[in-house]
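These numbers come from a predicted model, not from an experiment. Throughout, a chain's letter reflects where its sequence line sits, starting with A, and its residues are numbered from 1.
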Amino acid sequence: MATVELTFSALPAHVRTARLVATAIARRTGVEESLLDEVRLAVGEACSRAVEAHRLHCPGEPIRIELRDDLGRFEVTVTDSAPSDELEQDRGLLRFDDPLGQLPDTLMSGFGIAVIAGLADDVQVYPSQKGMRIRMSWPAATNGLPPI
Amino acid sequence: MDLKLDHHSEDRLTIVEVEGEIDVYTAPRLRELLIDLVNKGNFHLLVNMEKVDFLDSTGLGVLVGGLKRVRAHDGSLELVCTQERILKIFRITGLTKVFGIYASVDEAKEAHGRDK
C-alpha cells in the first residue's frame with residue numbers, strides 16, 4: 001500500500017494544489033482517465049469545505065489529506081480539525097428543490113458534500129467535535145504505474 | 001489556470017465571459033463582478049462558461065447568488081455551457097432546473113430576444 005500525505009494551511013489558494021496532487025496520484029495509481037475529473041472535483045470539494053471550516057474555527061491549524069493505493073482502490077481521506085456539529089446541522093437543512101431560497105453566496109458545506117456524494121464511487125463522512133473526516137475512493141488498476 | 005473575467009453589453013443583455021477555474025480561491029472575483037454589474041443596473045446577465053476548466057460548489061453558490069440578485073430586479077441570469085464535466089455538476093445538484101442553460105451565446109440571445 002503506497003501512501004502520500006499532504007498537509008496545508010487553511011488558505012483557498014492551496015486547494016488547487018491539493019486537487020492537482022490528487023489527480024496526479026490517481027492517474028499514477030491507475031484510475032481511469034474518465035474518472036479523473038470526478039476525483040479532481042470531489043477532492044477539491046472536500047478540501048474547500050475543510051478550508052472554510054478551519055477559517056471559521058481554527059485558521060492556524062493545518063488540513064491533512066492522505067492518498068492511498070489500496071488493493072485496486074484509490075482512496076482519499078481529507079481530515080480537518082474544526083468541530084462539525086454546526087456544519088452537519090446545515091447539511092440536514094439543505095433542500096435541493098428550493099436552492100434559491102436557502103443558498104448564500106458562499107460555500108455551504110452540505111452542498112459540497114452532496115456534490116462529493118454524487119461524484120465518488122464510495123464516500124464516508126465522519127463528523128465529530130474534533131473535526132470531520134471525509135473518506136472517498138474510486139476503482140484503480142491493481143497494477144498502477146510503479147513508483148519511480 | 002487562474003480565472004479571467006470580461007464582460008460586454010449587447011442591447012439589454014450583458015455577456016460575462018469566464019475563462020479558467022472557478023473554485024474557493026477565485027470565486028470571490030466572479031461574485032464581485034456580478035454584484036458590480038447588478039449595482040450598475042445590468043439585470044439581464046448571460047454567463048459564458050465555454051472556457052471554464054473547473055467549477056465547484058463555491059462557484060455554483062456565486063451563480064445562485066447572482067441569480068437571486070437579478071431576480072430581485074425582475075432580471076435573468078442564464079448560462080452558456082456545453083461541457084459535459086461542468087454540466088454534470090449542475091445535474092447532480094438539481095440546478096439545471098434553476099438556470100437556463102444554452103449551447104451557444106447566439107442561441108441564448110435568440111431566446112432572450114423572444115422573451116422580451
Toward chain A, the part of B:Lys97 with a non-hydrogen atom under 4.5 Å | neither
How far apart are the closest heavy atoms of A:Val115 and B:Ile92, and which atoms are they?
-> CA-CG2, 4.2 Å
Scanning both residues in full, the closest heavy-atom pair of A:Gly112 with B:Ser57 reads CA-OG, 3.7 Å
Please indicate whether A:Glu32 has more than 12 foreign heavy atoms, meaning atoms of other residues, nucleotides or ligands, lying under 6.0 Å from its CD.
-> no
Residue pairs passing the ring pair (Phe, Tyr, Trp, His ring centres under 6.0 Å) test with at least one member in residues 14-47 of chain A, sequence neighbours excluded, are none
May I have the list of side-chain donor-acceptor pairs in residues 37-48 of chain B shorter than 3.5 Å, sequence neighbours left out?
| from | atom 1 | to | atom 2 | distance (Å) |
| --- | --- | --- | --- | --- |
| B:Asn39 | ND2 | B:Ile35 | O | 3.4 |
| B:Lys40 | NZ | B:Asp36 | OD2 | 3.1 |
| B:Asn42 | OD1 | B:Thr14 | OG1 | 3.1 |
| B:Asn42 | ND2 | B:Leu37 | O | 2.9 |
| B:His44 | ND1 | B:Ser76 | OG | 2.9 |
| B:His44 | NE2 | B:Arg12 | NH2 | 3.0 |
| B:Asn48 | OD1 | B:Glu50 | N | 3.1 |
| B:Asn48 | ND2 | B:Glu17 | OE1 | 3.0 |

B:Val24 side chain near A:Arg49 side chain, heavy-atom distance below 4.5 Å = no
CD of A:Glu45 to CD1 of B:Ile89, rounded to nearest 0.5 Å, is 7.5 Å
Straight-line distance of A:Ser48 OG to B:Asp56 CG, nearest 0.5 Å = 4.5 Å
Which atoms of B:Leu55 approach chain A - backbone, side chain, both or neither, heavy atom under 4.5 Å | backbone
Mind checking the CG-CZ spacing from A:Leu41 to B:Arg85? Nearest 0.5 Å is all I need.
-> 10.5 Å
Treat each ILVMFWY residue as a node, draw an edge where side-chain heavy atoms are under 4.5 Å apart, and state whether A:Val15 and A:Leu11 are in one component.
-> no
A:Arg19 portion near chain B, given a 4.5 angstrom heavy-atom threshold | side chain
Out of curiosity, A:Arg16 CZ to B:Tyr25 OH, how far, rounded to the nearest 0.5 Å?
-> 10.5 Å
